[in-house]
Number of protein chains: 2
Amino acid sequence: MTKGNKILIADDEPDILEIIEFNLQAQGYEVITAKNGDEAIEKAKKESPDLIILDIMMPGKNGIEVCNQLRMIPAFKQTLIVFLTALSDEATEVKGLETGADDYLTKPVSPKVLISKINSLFRRLNKEETGIIKIGDLQINREKYGVTFRGADIVLARKEFELLSLLASKPGKVFLRNEILNQVWGTEVIVGDRTIDVHIRKIRQKLGIDCITTVKGVGYKFEM
Amino acid sequence: MTKGNKILIADDEPDILEIIEFNLQAQGYEVITAKNGDEAIEKAKKESPDLIILDIMMPGKNGIEVCNQLRMIPAFKQTLIVFLTALSDEATEVKGLETGADDYLTKPVSPKVLISKINSLFRRLNKEETGIIKIGDLQINREKYGVTFRGADIVLARKEFELLSLLASKPGKVFLRNEILNQVWGTEVIVGDRTIDVHIRKIRQKLGIDCITTVKGVGYKFEM
DNA sequence: CTTCTGCTTAACAATTTGATAATATTATAA
DNA sequence: TTATAATATTATCAAATTGTTAAGCAGAAG
């Protein structure tokens, strides 16, 4: 499973850092680490991670302070933040969540559970736009220009690929014909109306199933 | 803080139901309860809650089955689902999260923590501006160009969708025929008077219930 | 140079939609 | 109650929209 989301971990215990880093990397996440609160803020600003895992008790700035500070910055209003700490007292947990964190995990936490939680958070955020799109048994690899369906490779021409890629990037969303033209063909080129249809048809043909729905008078949407 | 959200709790222990219900109501949430899996599904369909708390071990259908089944239904793809259970074994937790749940809490959980978690989930949900209009068990999704009623998809043509969309955007408000013409047809096009009626009729027919009220000599309004 | 592939388009078929006319029904005021 | 205006219903048809096929063209590959 390849993700491609960036995760920042801040913890002062090297062992913990290492274990988590290993497990997340195995899942395909890109991992950055920080040894204390200040380093966490600094790296967060530089790397713009998609998710930040914060230990609460750290030398210097503690996790809650870090979270508070990051949430002040517009760029981090949306970022997922999770506390992971040995402090299991209720007051701290409530305080942590009220700071605007998305989850609070207490050590020790098993790698499997940690990963499930993280996957679950990303799933809701729908942030799987980097690299590989996976919907059901359809896989789209943007870098390799490859599409796999039920384990079998499917060869799509460039425009077909771009089009499917666009539609599948937000399953369920209806893309207006105009949107499609702008995204796939660009604003310069002008192509006839039937062009989109023909490409849609080819994709439908090659995939063998009808996962692209026509919304008449509006556009197309991808749905499994 | 965003309150007024509807929460469905499913648990077979009356005591737990009561405690949670009390605490959530104190926070301003509207609470519905169910004593087993089947009842949970039934009430979910009828009430369209914003968040569902599921016990895993329940007579009849267990929580994971309920979650699975709900996630199959289009209307519940986005709904927040949280497991709350005494089963703290890792495998179950991972399985639960992979079913598409948003969180997994183990009993006993303190009311404060529970509430923090729930607030936290809602906080994140509201950040992602989903163009979803929700009135009772009717959902209108502008992005998907789709309408869901009691869990079932309803297919509306473009004008029908726009019209319903307009009326439902302000439930209770009476839209003058002129207003409707301007909003849905634009100022350019001129259509006969009966045209609106015909579309209203089609919507009424497709929805199966009469949630659009005629105000004679004035216009129409949407009401559940 | 030839062959192949991908992209676009034209032309036509198939489908869906939306508007209207004609008629029935309902609400309201006199 | 009745007359009247407003809305509901139904069927029908034209227009809008999309699906399909085949053909032409340009550029890449052989």
Side-chain angles (χ1 to χ4, degrees), chain A residues 140 142 144-147 153-167 174-223, chain B residues 144-147 153-167 174-223:
Chain A
I140 301 175
R142 277 219 169 114
K144 291 185 182 170
Y145 260 76
V147 176
D153 280 330
I154 290 176
V155 184
L156 293 184
R158 197 162 9 265
K159 290 277 187 238
E160 288 158 22
F161 182 85
E162 296 289 352
L163 181 48
L164 176 60
S165 203
L166 175 67
L167 294 181
V174 176
F175 289 85
L176 312 181
R177 292 178 95 89
N178 262 331
E179 261 180 283
I180 295 176
L181 285 177
N182 285 333
Q183 294 286 322
V184 178
W185 276 266
T187 46
E188 318 277 298
V189 198
I190 294 171
V191 291
D193 249 357
R194 301 277 63 56
T195 304
I196 295 179
D197 308 15
V198 173
H199 285 287
I200 292 279
R201 176 181 146 67
K202 286 191 177 159
I203 295 171
R204 283 174 172 159
Q205 229 169 7
K206 288 187 180 176
L207 288 186
I209 48 161
D210 204 358
C211 48
I212 297 176
T213 312
T214 305
V215 182
K216 235 179 163 169
V218 188
Y220 293 93
K221 68 177 161 179
F222 181 95
E223 263 175 337
Chain B
K144 291 189 179 177
Y145 229 88
V147 176
D153 277 327
I154 290 176
V155 183
L156 295 184
R158 197 173 76 200
K159 283 275 185 305
E160 289 157 22
F161 182 85
E162 296 291 352
L163 181 49
L164 175 60
S165 213
L166 175 67
L167 295 181
V174 178
F175 288 85
L176 311 181
R177 293 179 94 90
N178 259 331
E179 261 180 285
I180 295 176
L181 285 176
N182 284 332
Q183 294 286 322
V184 179
W185 277 266
T187 47
E188 320 275 297
V189 199
I190 294 171
V191 292
D193 248 359
R194 296 296 108 251
T195 304
I196 295 179
D197 310 13
V198 174
H199 284 288
I200 291 279
R201 176 183 144 65
K202 283 190 180 160
I203 295 171
R204 284 173 173 161
Q205 220 170 14
K206 289 187 179 176
L207 288 186
I209 49 158
D210 203 357
C211 48
I212 297 175
T213 312
T214 306
V215 183
K216 216 169 168 164
V218 189
Y220 294 93
K221 69 176 164 179
F222 181 96
E223 264 174 338

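Residue numbering restarts at 1 for every chain, and letters A, B, ... go by the order of the sequence lines.
One interatomic measurement links the two molecules: CG of Leu163(A) to P of dG6(C), which rounds to 15 Å at whole-angstrom precision. Regarding Arg177(A), its CZ atom lies at a distance of 15 Å from the P atom of dA16(D), rounded to whole Å. Atoms CG (Asp197(A)) and C1' (dA22(D)) sit 16 Å apart, rounded to a whole Å. In this structure, CD1 of Ile200(A) is placed 12 Å from C1' of dG19(D), rounded to the nearest angstrom. Taking atom CG on Asp210(A) and atom P on dT18(D), their separation rounds to 15 Å, with Å as the unit. Put simply, CD1 on Ile212(B) is 13 Å from C1' on dA8(D), counting in whole angstrom units. Between the CD1 atom of Ile180(B) and the P atom of dA6(D) there is a distance of 16 Å, given to the nearest Å.
Between Lys221(A) and Val215(A), the shortest heavy-atom contact is CE-CG2, 4.2 Å. Contact between Val191(B) and Thr195(B) at its shortest, heavy atoms only, is CB-OG1, 4.0 Å.
The closest side-chain heavy-atom distance from Thr213(A) to Phe222(A) is not below 4.5 Å. Residues Asn182(B) and Glu179(B) fail the side-chain proximity criterion, which asks for heavy atoms closer than 4.5 Å.
Nucleic acid contact for Phe161(B): none, since no nucleic acid atom lies under 4.0 Å from a heavy atom of the residue.
Remark: Gln183(A) pairs with no residue by the side-chain hydrogen bond (donor to acceptor under 3.5 Å, both in side chains) rule, at least two apart or across chains. Checked against side-chain contact (heavy atoms from CB on, under 4.5 Å), Asp153(B) has the following partners two or more places apart in sequence or in another chain: Pro74(B), Thr148(B). Contacts of Arg204(B) classified as side-chain contact (heavy atoms from CB on, under 4.5 Å), with partners at least two apart in sequence or in another chain: Ile200(B), Asp210(B), Ile212(B), Thr214(B), Tyr220(B).
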Could I get a table of every N or O pair under 3.5 Å where one atom is in the protein and the other is in nucleotides 12-14 of chain D?
none

Nucleotide N/O to protein N/O under 3.5 Å, stretch nucleotides 13-20 of chain C:
| residue | atom | partner | partner atom | Å |
| --- | --- | --- | --- | --- |
| dT15(C) | O2 | Lys216(A) | NZ | 3.0 |
| dT16(C) | O4' | Lys216(A) | NZ | 2.8 |
| dG18(C) | OP1 | Lys159(B) | N | 3.0 |
| dA19(C) | OP1 | Trp185(B) | NE1 | 2.6 |
| dA19(C) | OP2 | Trp185(B) | NE1 | 3.2 |
| dA19(C) | OP2 | His199(B) | NE2 | 3.1 |
| dT20(C) | OP2 | Gly192(B) | N | 2.5 |
| dT20(C) | OP2 | Thr195(B) | OG1 | 3.1 |

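Side-chain N/O atoms of Arg201(B) include none lying less than 4.0 angstrom from OP1 or OP2 on dT7(D). For the OP1/OP2 pair of dT17(D) and a distance below 4.0 Å, the side-chain nitrogens and oxygens of Tyr220(A) include no atom meeting the criterion. Applying the 4.0 Å criterion to OP1 and OP2 of dG19(D), one finds that Thr214(A) has a side-chain N or O inside that range.
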Side chains of residues 155-166 of chain B: which donor-acceptor partners sit under 3.5 Å, not counting sequence neighbours?
| residue | atom | partner | partner atom | Å |
| --- | --- | --- | --- | --- |
| Arg158(B) | NH1 | Gly217(A) | O | 2.7 |
| Glu160(B) | OE1 | Ala157(B) | N | 3.0 |
| Glu160(B) | OE1 | Lys206(B) | NZ | 2.9 |
| Glu162(B) | OE1 | Arg142(B) | NH2 | 3.0 |
| Glu162(B) | OE2 | Tyr145(B) | OH | 2.7 |
| Ser165(B) | OG | Arg142(B) | NH2 | 3.2 |

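Along DNA chain D, the nucleotide nearest Gly217(B) and the nucleotide nearest Gln205(B) are compared for position; the residue whose nucleotide lies closer to the 5' end is Gly217(B).
By the neighbour-count criterion of 12 heavy atoms within 6.0 Å, atom CD1 of Ile190(B) is sparsely surrounded, having that number or fewer from other residues, nucleotides or ligands.
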